[in-house]
*Asks:* 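Dumping the structure here so I can ask a few things about it.
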Amino acid sequence: MIGSPDVVAFTKEDEYGQANLDPWALPEEFSVPLHPLADSNPWAKTSYAKFTKDFILISEFSEQVGPQPLLTIPEDPKVCGTFDLNYFSLRIMSVDYQASFVGHPPGSGYPRLSFVEDSRVVLGDSKEGAFAYVHHLTLYDLEARGFVRPFCMAYVAADEKKIMLQFQELSFRFSQASECLKAGNRRAFAKELQRKLRDLEYTHSVLQREEGLQREAGPQCMYSAHAVEKANELANVEKSIYEHRDLLRQISSYHRRPRRDPQAVACQKCMSECLNECEELLEKYAKLAKPFSYTEKGEERQGQFEREGGEEEADEEDEEGVKRRPSYTPQLIKGKSAKCFDKRLKTLQELCDETFYEATVELLKETERSFRGDLCYLHTRRLEKALRRKQRVTNFLFEGELGDDDEDDVGTLRPFCAVNHTVNNYIHLNPPPIVLGPEPFELDALEPQDPLDPASEASHTQDSELGLGESHLESSPSDQTLETQESSEETKGSFSSDKSGTGPAEKRHSLASAKSEAPDPDSDLTPDPDHNTDLERESSSEDMETTAGEDDGEDGGGQTPVSLLEVPSDLEASKDDACEGSNESDLLVPLDTACCIAQDGFLYEASAPEAVPGLHQSPHLSQTLVVNQEPQALLPLQDDYTVGSPCAESPAAGLELPGNLLGDAVSRISDGSDCTMSASTGSDRAASPLGYGGVVTLRQRKKAGQGALRFVRQYPFAMQALWCLLSGRTLVVLGADEGRVRRLVSSLALFVPGPGKCAERVQAWLSCPFTLTDLHRWKLIGLQRVASPVGSSMLHSLSRYSRYISILDADLKTLRCPPYQGQLLANIADHRTYVRRGSTYFLHAQSTLCHLAAKAFLLTFTHHLHMPVSSTEGPEVVEGRRRCFLQEQLGLGEEDSQILLYLSRLITQQYLQPATGGAAAPPSFSFNYTTSVLYRI
Amino acid sequence: MLKWFLGGREAQSSVEKSSVLCIGEEQPKNCFTELQVLKGHFDIVRFLVQIDDFRCASAGDDGLVLVWNVETGERLQELRGHSQQITAITTFTCHDEATSHTSLITASSDRSLSLWDPDTGNRVQTISDLQSVKCLLVLERLCMWISGGEELCVWNKDLELQCQKQNHSDTGITAMIELPKNCIAAAMDKDIAIYKLTISTDSPPSVAEIRHLSDHQDQIRALINVNDDLFASGSHAGELVLWDATELKILAYEHILWEESQASAQMEIRVGGAPKPSEMSVQHLTTNGKLILAAVGSGLYVYSVQTKTVVAYRKVAHDSNVLHTMLMSDSELMSCSEDGSVRMWEIQDLPLPAEPTSPGFFGMWNFSRSNKQSGPPSKKVVDLPSMRTLELTGDLIGHSGAVQMFLKFSEDALVTCSADHLLILWKNGERQSHLRSLALFQKLEEKGGL
């Protein structure tokens, strides 16, 4: 809380309650909010962050120098830009909930290790434009004060809502990382203890010997000062041994204590290994604790000790193998330890086992990758994924990448294990939802509804009683749409139990939300006209054994919130203004002063297209330029690293700027933004851990959309070409120029049904004669036209197999294929289409294809279209029924029916594939005998 | 067509002139709308034999015998053992026990004979160091089989040599058929030798030549049984001779001759005067008892046994030599050729002379086949009303080499083998799709949902 009023933490109670769940509600993945941002400009939520993209920051509260950043993920200095990591570390670490602990708790003789659960807080810093999910954790360090080293991992983003809405998953991911670090740390700590114990024992034995010698030398009854000192030292060492043994015992009891953190799932095998190690150590050192008496002969004891030591070492080597240096010479421990500030603190790598550290960093990197993109993007991606998971049967047809469905199951809480123990006992949890745009509801719904809604009243009072400064996104139960309910899953603990979306669980769930979503006491405390204020901060810190977090939360709640959302809403207004009056080009957009101050800059709204290229150079520069884009969009988009996605498509799509000049600018942007957009979305997909090695990425597919659009606009017979592809007739693109053929092929590849994971059904460039097998292996072939003997044999194969193929001549611009007069493809192959952007066209085509796939699914799995209903029916009746279905119910002509029949065939084959064993039987290739005609441009 | 691809702007009109006979792409009577390419051979595949309703075996120059499931296209067995090309293959079913079991007998250029079990893929027995074997004949009735080549050997079902007979011809036996009364006809060069197999209970069987028919002018290429009383042989010079199986006399002698000058000429029966031997060589004969289908050069001739005349023909049915033919019914036939295609034909009655003058019909007809007809048979019908035409109803294009043989299974499945090392399994697409739907709903039911 260092001087920053909006660095606050809130906590949420874990309460479960009941709420009425609409039984008719659509499942989550189908309930796309129709107008999620109905009355707010989606691009209004700008931020003024000084960093270009979200990143993960790991900081520690060093006992020597205070809070300091350790590393960022990605470790690219560009990412943070001018963002002051030190300052931000200070802020996030200052919410140190762990102050409670340490030292000798009253009533216990030994120092105690505190087993602190992690805390999860969301912090905001409006001035910096940064919001962070902050995950505090403590690691043990024998040399540290109180044996603990506080660390935190923060996911820093410019978009607060992104963090809020992703809280659950962030929390899940960071918990994994944290558990991993802690597991490594416990090992390291145990090792350190062991070393220390050995040193202590050695010291002890040396001291004892010295004392014995002294005792022998000096008179029995007299104690020299030296002797007294020695005796004290000995006593100290003994005490220290006891203490360390106790520490060892404590650390080994770590796993026994009940975890209150539901997300803290650790690999059981790691745990038990660590435990065993610790217990062995404990056992070993238990016997040594008995103070030695020097009555026996020194040499003998010494020998014994050495033997023991040797055994120990041997044991250690067995246990730890190469991890430790092979021999260890015990060292004398000085009576007084070095000063706190003199010693070097261990680094994070040293604190955790190296493997664990690296695994954690990997995990965090993956986390960072998976959270790239803005909220909309994440949301739609998740929706898409959820939908796709339901359509496994038809997915292969047109959905590019399928491989991601299993790897990336958010629905499984799988303990992350650094050493890759295969863990069978993972837990299912509800997929953390992303919710899009609950705020429109809040805007109007908050206070007016309060008195009307008894439930909210009740919970209101409850909350008030609790006195917790609780804040959340969903303010009123009257907003109990599905989305808001789902978002309330942020309530901690709500997914600790094993429920896979079953009714009761859901109910309980939504009840929890109903309760916790009660109107905000904050709004009472600070009667701010803008209720959005509540939004800006939320912390559902995991409840902790130390209640510091909650205290913090309370404190934070008590503080006067500074409205952040005022800014966007004003901005939004101004945007609207700007849109309306954007002809006045050099218009200075009136912004909320707070915002201006925060950013130290101004937003301009203007028309000069020259500004666009300049944008990429630096944000500072852009501020002086006259631009018509969101500030965030000005950030270096071309850097394909950048995923600031709201920007990429915002200006062109969102703001229809009138005027020729502007139109130009827009179209320029749109041209460019094709690549930027795909860069922003596609690249991270490609780089994502979901991993499509040589797979066609979304980016490529979107690019292909551009190409396909061009094709459609350029060739009047595009429809026929698409029909060939969709009805399973191999299309050969013939041309002399490799580039052109490849381009055509890659754009047409969009329409190849079931292209395979790596587009196996497409051959972009072939320069030798093809065979029959090639024809059904590849559905789209780019063929080189050569004037040579090779060429003629190739042409021979073309003419020979002409009945199976359609030939698109890229040079002559002709298409030879069966005639097609259907209507089905008219809307994706419209020569005069108004669609101008490749990605728009891509989506358009994609939706049409999806539609087709759905129809094909229906056709495939409708029993009576393939089977006789009664035993008296012959195959002709069934055939007639099928035809009737296609023609009358789906309204398809002969040729259009062929598309569906082909798709249906693919679906059938795909469905049957595992059963028939696939590999043994060669694929079958079907065709029909129809004449071809030649289409010209 | 080539011209069009090469860039001629006039394109479409000249597209289909390259082929001698082209049906075009519209083939409503062709039911083979699905194919599977079966790979596995490394050299020319020459032989196909049917094992049972759903299995067939293929063999070729790579010495491999592969057993296929025709329903699924799966390769069931791979019979390895011969080091050189396979010269003959046949199935051998012995009914002497309650269960009849089919095995495969193969002969190879490595001078060995092998008996295989197609179920397990085991080589049950093998005999090496033989004279070369060119043909095999199974006498199921006697549960014996005969290998022919430079010598004629009679084997029992356990691959034990019963008796053998040297012959003195240079070429050896190229074809054998079984005749009534334990007789065997064997074609050797220009002659047909008739052997009599004597089987007595107390002594091993013996074989003796009883007749020597040397009426052919040229080498005999084909020898088939027509029915119990008749057999037929065809020679390299285009002679087709119908023999009485018991009397061993010529019943009919037909010399199929290709006349270059007279395109409109009817079937000529002549002696002597052969222009180009390969063009009129009888490559293959098939029969269904009533009709004999002769593949002569690249043409097809349908010969009626009853009327002892050619009832329909097409001189140029393929671009190249016809290698194998089949009569599917009284009116449908199929042929395959070195040109890599399989063609399906229908014996159609000629339209009555009055009718074909309808312009609509001719217009369409000409449109669909813009190319020249090699033998326009429609003009000369008046004086020979029994004459019918052979109309192309469909062709199967897939192989890139000569189609050596094909085998038809019931339910519209056809296997072709070719010099391009491939087998292609042609199927009725609609039926397959129906079968797939059946399987789909069955699986759906098993799984209890999607």
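In what follows, chains are A, B, ... by sequence order, proteins preceding strands, each numbered from 1.
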*Asks:* Just by distance, do the side chain of A/Tyr804 and the backbone of B/Ile397 share a donor-acceptor pair under 3.5 Å?
*Replies:*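 Indeed, once roles are kept as given, a pair shorter than 3.5 Å links the two residues.
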*Asks:* Between A/His863, A/His866, A/Arg803, which has the largest tally of heavy atom pairs under 4.5 Å with chain B?
*Replies:*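 Highest number of pairs under 4.5 Å: A/Arg803.
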*Asks:* Side chains of A/Leu772 and B/Leu422: does their closest heavy-atom pair fall under 4.5 Å?
*Replies:*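 A/Leu772 does not reach B/Leu422 side chain to side chain.
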*Asks:* Measuring heavy-atom distances to chain B, does A/Thr860 have an atom under 4.5 Å in its side chain, in its backbone, in both, or in neither?
*Replies:*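 The answer is both parts of A/Thr860.
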*Asks:* Which distance, rounded to the nearest 0.5 Å, do you find between the OH of A/Tyr902 and the OG of B/Ser433?
*Replies:*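 So the OH of A/Tyr902 and the OG of B/Ser433 are separated by 14.0 Å.
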*Asks:* How far does OG of B/Ser400 sit from CZ of A/Phe770, to the nearest 0.5 angstrom?
*Replies:*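 That separation rounds to 12.0 Å.
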*Asks:* A/Tyr929 side chain to B/Lys29 main-chain N or O, any donor-acceptor pair under 3.5 Å?
*Replies:*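 Not confirmed, A/Tyr929 side chain does not pair with B/Lys29 backbone.
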*Asks:* Could you tell me which portion of B/Leu425 (side chain, backbone, both or neither) has an atom closer than 4.5 angstrom to a non-hydrogen atom of chain A?
*Replies:*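 When you check distances to chain A, no heavy atom of B/Leu425 falls under 4.5 Å.
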*Asks:* Taking all heavy atoms of B/Phe441 and all of A/Met867, pick out the closest pair and write down the distance.
*Replies:*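 Distance-wise, the nearest heavy atoms are CD1-CE, 3.7 Å.
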*Asks:* Could you measure the distance from the CZ atom of A/Phe927 to the CG atom of B/Asn30? Nearest 0.5 Å is fine.
*Replies:*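 Between A/Phe927 CZ and B/Asn30 CG, I get 7.5 Å after rounding to 0.5 Å.
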*Asks:* Could you tell me which portion of B/Lys447 (side chain, backbone, both or neither) has an atom closer than 4.5 angstrom to a non-hydrogen atom of chain A?
*Replies:*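 B/Lys447 touches chain A through side-chain heavy atoms alone.
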*Asks:* Evaluate whether atom CD of B/Glu430 has more than 12 neighbouring non-hydrogen atoms of other residues, nucleotides or ligands under 6.0 angstrom away.
*Replies:*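 Atom CD in B/Glu430 is not crowded, with 12 or fewer foreign heavy atoms closer than 6.0 Å.
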*Asks:* When only pairs under 4.5 Å are counted, which of B/Leu35, B/Val37, B/Leu76 shares the most heavy-atom pairs with chain A?
*Replies:*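 Highest number of pairs under 4.5 Å: B/Leu35.
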*Asks:* How far does NZ of B/Lys427 sit from OG of A/Ser924, to the nearest 0.5 angstrom?
*Replies:*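 So the gap between those two atoms works out to 7.0 Å.
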*Asks:* What residue in B/Leu444, B/Leu38, B/Thr72 has the most heavy-atom pairs under 4.5 Å with chain A?
*Replies:*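 Heavy-atom pair counts peak at B/Leu444.
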*Asks:* In Å, rounded to the nearest 0.5 Å, how long is the span from CD of B/Gln442 to CG of A/Leu912?
*Replies:*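 Between atom CD of B/Gln442 and atom CG of A/Leu912 there are 9.5 Å.
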*Asks:* Nearest 0.5 Å please: distance from the CZ atom of A/Phe925 over to the CD atom of B/Gln36.
*Replies:*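 Result: 12.5 Å between the selected atoms.
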*Asks:* Could you pull out the closest heavy-atom pair between A/Arg800 and B/Ser341, with the gap in Å?
*Replies:*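 So the minimum-distance heavy-atom pair works out to NH2-N, 4.2 Å.
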